[in-house]
Amino acid sequence: MSRLLDCISKQLLVSFVPPLHNTTTVPRQEMQGEKMRWSNLFIPTLREDPADAEVSSHRLLIRAGYIRQLTAGVYSLLPLGQRVRLKVMQIIREEMNRVGGQEFFLPALHPAELWKESGRWEVMGENMFKFRDRKSTEMGLGMTHEEVFTSIARHSISSYRQLPQVWYQIQTKFRDEARPKSGLLRVREFTMKDAYSFDVDRTGLDKSFQDQYDAYCRIFTRCGLKYTAVEASSGAMGGSQSTEFMVRTEAGEDHIVLCEKCGYAANVEKATSKLPDVDDGDGATATEEFPTPGVHTIEDLTTFPGGASADRQIKTLVYVLDDNVALVLMRGDHELNEIKLQDATGAINIRHAQADEIREALGASAGSLGAVGVTRSSHPKITLVIAEEALRGRRNMTTGANKDDHHLRGVAIDRDISVDKWASLRSVKAGETCSTCGGVLDVFKAVEVGHIFKLGTKYSDSMGARVLLADGTEVPIIMGSYGIGVERAIAAAVESFHDKAGIAWPASIAPFHVVVTPVNIKDQELFGTAQRVYDELVKAGIEALLDDRDERAGVKFNDADLIGVPYRITIGKKVKEGKVELMTRSTRESEDVSIESVVPVIAAKLEASIT
RNA sequence: CGGGGCGUGGCUCAGCCUGGUAGAGCGCUCGGUUCGGGACCGAGAGGUCGUUGGUUCGAAUCCAAUCGCCCCGACCA
């Protein structure tokens, strides 16, 4: 038994690295001197729900005394919150180290100059906190650290012999979100583990990427999270392969497409599906214009006499992509996904065109727009006509005539429209067919807790990080970028594991493993037993909390349920029979256990749930 | 950035429409009774009503400006 406990205590409490700045590990309880007595701790639980909290994780983390809001999107972590954060950070740290990661600690304060080199000072725009120092030098708060890590690499790495390298840090990131919301799920200041790999070639990058992928799976599994790794858009910052680690929750803002049958999983920003073939018949030999007074929407045209069903229409959207006007062609019943448009065109800023811009470019107003006959010479304002894949080869379609209150029918895409580019631009809908296996696709909401992708040479090129190969040629370093949002993972855990009474933490990230609750502290026998059990738990390396408050049992039970400690040992009347109660928070099941065996029983349960 | 809502003891809120100098519940302090799922009785402490300006004899209340927070949307490597 002592071997078993020893083993657990190592798993739970060993510090792998010395404390550095804000990233210390949870101190060993037995070395703290002070006992973890509830009466001495700052655990400000609230009896009522906070008024401003909507989502469960936000509501519960505040009510259970884990966090307090300082200002919009900025939260203080109270002692319980910090304990959980340190647990998550320690798991991340161990798994990063396991795949050869070396921990750094980089500044949060960055000179604008560095970000201008990579071009992201402009790209990030308002999302970056920017200001001037006393000398009037432009500065920013780091949103991420590609630039800083790359600047270190370019100064100190010059030979292929020094590669590969995997560098990481766990540090505060700042993003001036337009709309912070949902407690810790979307904030302006947060802890991120960001890692970067540096390799000589693509093969090296593939290995580094796979290492990180494996590490992420272990991290989220150890945190007790049920995650799905999905194909994702790498966004405007570029990257060839992009995987997001998502936790399913209604509070999430991302939409994930999943095939239960073959396991295909992708963010809707990336997902594709197979649509049934459409038989268009032979098609008309030429287009025919017809008047459509009062018809301004796809819906209008489906009911208009001589109109067409939505899947027989071409929807023409006008977008401004980095100051260039583009026509986006979608099937009438399909929805454009703007991220896909961004990915397909490489545009950084995209927006709907304004009414006057539309009229200037096409000579008609929204509701009567079409791409038939639109060419560079006929419509010089239009720089791109991009069409959705589902429109390929379609005939007998109906679309706007670029003449108010008129439409065209008998349109054949290949014959009548000059398409510059084809792309997958539509959002997949639940119930569509999986293009891999033919199964049925499901769509659900999720929160992104991790994101890994291959950067390639974007930063090494722009910032000049190069190495010499054995043959003397100089090549840019190939990079990868790998992030985890620590507080977001915590919030995702609460979203996943809670009930009406409060939080039910996975044991691996719970602030304490056990709470010892004497039903009445004035009863010397009960309280004495509680103290002995507590001492033995601590000795066994188990993180215990003694609820020594002079409160009624109901208050203590409710608080214990609220803060979500995985196990509760209730010390009550049955002490006279040599027994205590062991309650499992997640199932709320209770069992009587003899006083002597309660510590080993808990140790065994923890060993089973903490890996 | 567009739309909506809200700022009143630590927390959740009432009072505002119809101006007259601030209330409840919870929490907190003290005393007593209670004691296995947020007890009860009694006595207390605690608020420049977000801020600034205006109207008025008098403003939490009416007007204006401003700051902040929340929600929806836009936005979001």
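Hydrogens, waters and symmetry mates are skipped; everything else that's a heavy atom, side chains included, is used. The sequence lines fix the lettering, A, B, ..., with proteins before strands; numbering per chain opens at 1.
- Close to B:G36, at under 4.0 Å from its OP1 or OP2, lies no side-chain N or O of A:Lys574.
- Salt-bridge check for A:Arg154 with A:Glu117: passed, with a basic side-chain N closer than 4.0 Å to an acidic carboxylate O.
- In the set B:C76, B:C71, B:G36, the nucleotide with an atom closest to the side chain of A:Lys181 is B:C71.
- In terms of polar N and O atoms assigned as donor or acceptor, the side chain of A:Asp559 comes within less than 3.5 Å of the base of B:G38 in a complementary pairing.
- For the P atoms, the distance linking B:G73 with B:U55 amounts to 43 Å, nearest Å.
- With both ends at atom P, the span from B:U61 to B:G15 equals 15 Å, rounded to whole Å.
- Pairing partner, B:G44: B:C28, with both Watson-Crick or wobble hydrogen-bond distances short of 3.5 Å.
- Counting non-hydrogen atoms under 4.0 angstrom, A:Lys556 reaches nothing in the nucleic acid.
- When the C1' atom is compared between B:G9 and B:A45, the two are found 10 Å apart, to the nearest whole Å.
- Here B:G23 sits opposite B:C13 as a Watson-Crick or G-U wobble pair (both hydrogen-bonding atom distances under 3.5 Å).
- The ring-ring contact (aromatic ring centres under 6.0 Å, His included) analysis of residues 482-503 of chain A, with sequence neighbours excluded, yields no pairs.
- Within the nucleic acid shown, A:Glu338 comes within 4.0 Å of sugar-phosphate atoms alone, with no base atom in reach, counting heavy atoms only.
- A side-chain donor-acceptor contact under 3.5 Å links A:Lys556 to the backbone of A:Pro518.
- When the nucleotides B:G37, B:A39, B:C71 are ranked by their closest atom to the side chain of A:Arg179, B:C71 comes out on top.
- The NZ-C1' distance, from A:Lys522 to B:G32, rounds to 12 Å in whole Å.
- Between B:A43 and B:C6, the distance separating the two C1' atoms is 36 Å to the nearest Å.
- Spacing between atom CD of A:Glu48 and atom P of B:C13 amounts to 8 Å, rounded to whole angstrom units.
- Within 4.0 Å (heavy atoms only), A:Glu551 reaches no atom of the nucleic acid at all.
- Residue A:Arg47 has no polar side-chain atom (N or O) positioned under 4.0 Å from OP1 or OP2 of B:C26.
- Within the nucleic acid shown, A:Ala178 comes within 4.0 Å of at least one base atom, counting heavy atoms only.
- Pairing for B:G73 goes to B:C1, judged as Watson-Crick or G-U wobble with the two contacts each under 3.5 Å.
- Nucleic acid contact for A:Arg186: base, since at least one base atom lies under 4.0 Å from a heavy atom of the residue.
- Among the protein residues, A:Asp523 comes within range of no part of the nucleic acid, since none of its heavy atoms lies under 4.0 Å from any strand.
- In this structure, A:Arg63 reaches the bases: a heavy-atom distance under 4.0 Å links it to at least one base atom across the strands shown.
- Relative to the side chain of A:Gln69, the nucleotides B:G36, B:C70, B:C35 differ in distance, and B:C70 lies closest.
- Note on A:Lys270 versus A:Glu244: no salt bridge recorded, every NZ/NE/NH1/NH2 to OD/OE distance being 4.0 Å or above.
- Taking atom C1' in both B:C35 and B:C41, the straight-line distance is 16 Å, to the nearest Å.
- When the C1' atom of B:U12 is taken as reference, atom CG of A:Asp49 falls 10 Å away, rounded to whole Å.
- Nucleotide B:C70 holds its C1' atom 16 Å from the CD atom of A:Glu177, rounded to whole Å.
- Side-chain contact check for A:Thr457 and A:Ser460: no donor-acceptor pair (N or O, by modelled atom type) lies under 3.5 Å.
- Nucleic acid contact for A:Arg588: base, since at least one base atom lies under 4.0 Å from a heavy atom of the residue.
- Within the 4.0 Å cut-off from OP1 or OP2 of B:A39, at least one side-chain nitrogen or oxygen of A:Arg552 is found.
- What separates CG of A:Leu185 from P of B:C71 is a distance of 11 Å, to the nearest Å.
- B:G7 and B:C62 have their P atoms separated by 11 Å, given to the nearest Å.
- Computed from coordinates, the A:Glu189 CD to B:C76 P distance equals 22 Å when rounded to whole Å.
- For the P atoms, the distance linking B:G5 with B:U48 amounts to 29 Å, nearest Å.
- Between A:Asp561 and A:Arg588 there is a salt bridge, since at least one side-chain N of the basic residue sits less than 4.0 Å from a carboxylate O of the acidic one.
- Nucleotide B:G36 holds its C1' atom 9 Å from the CZ atom of A:Arg568, rounded to whole Å.
- Here A:Glu581 lies in heavy-atom contact (under 4.0 Å) with a base.
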Legend entry - Verdict with reasoning, A:Phe104 to A:Phe149, per ring pair (Phe, Tyr, Trp, His ring centres under 6.0 Å): CA-CA 9 Å; A:Phe104 282 58; A:Phe149 270 113; 5.0 Å; yes
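- Here the separation of B:A14 from B:A24, taken at their P atoms, is 16 Å to the nearest Å.
- For the pair A:His58 NE2 and B:C70 P, the computed distance is 8 Å after rounding to whole Å.
- A salt bridge links A:Arg585 with A:Asp499; the closest basic N to acidic carboxylate O contact falls under 4.0 Å.
- A residue-by-residue look at A:Gly572 and A:Arg175 shows that A:Gly572 has its nearest nucleotide of RNA chain B further toward the 5' end.
- Sequence order on RNA chain B of the closest nucleotides to A:Met143 and A:Asn520 puts A:Asn520 first from the 5' end.
- When both pairing distances are held under 3.5 Å, B:U18 makes no Watson-Crick or G-U pair with any nucleotide shown.
- Among the nucleotides B:A39, B:G37, B:C71, the one closest to any side-chain atom of A:Asn558 is B:G37.
- The partner of B:U56 cannot be assigned: no Watson-Crick or G-U wobble pair with both contacts below 3.5 Å exists in any strand.
- A:Phe129 and A:Phe174 have perpendicular rings, their planes meeting at more than 60° on a 0 to 90° scale where under 30° would count as parallel.
- Between B:C13, B:G73, B:G36, one nucleotide has an atom nearer to the side chain of A:Val519 than all others, and that is B:G36.
- The phosphate of B:G36 (OP1 or OP2) has no side-chain N or O of A:Thr517 nearer than 4.0 angstrom.
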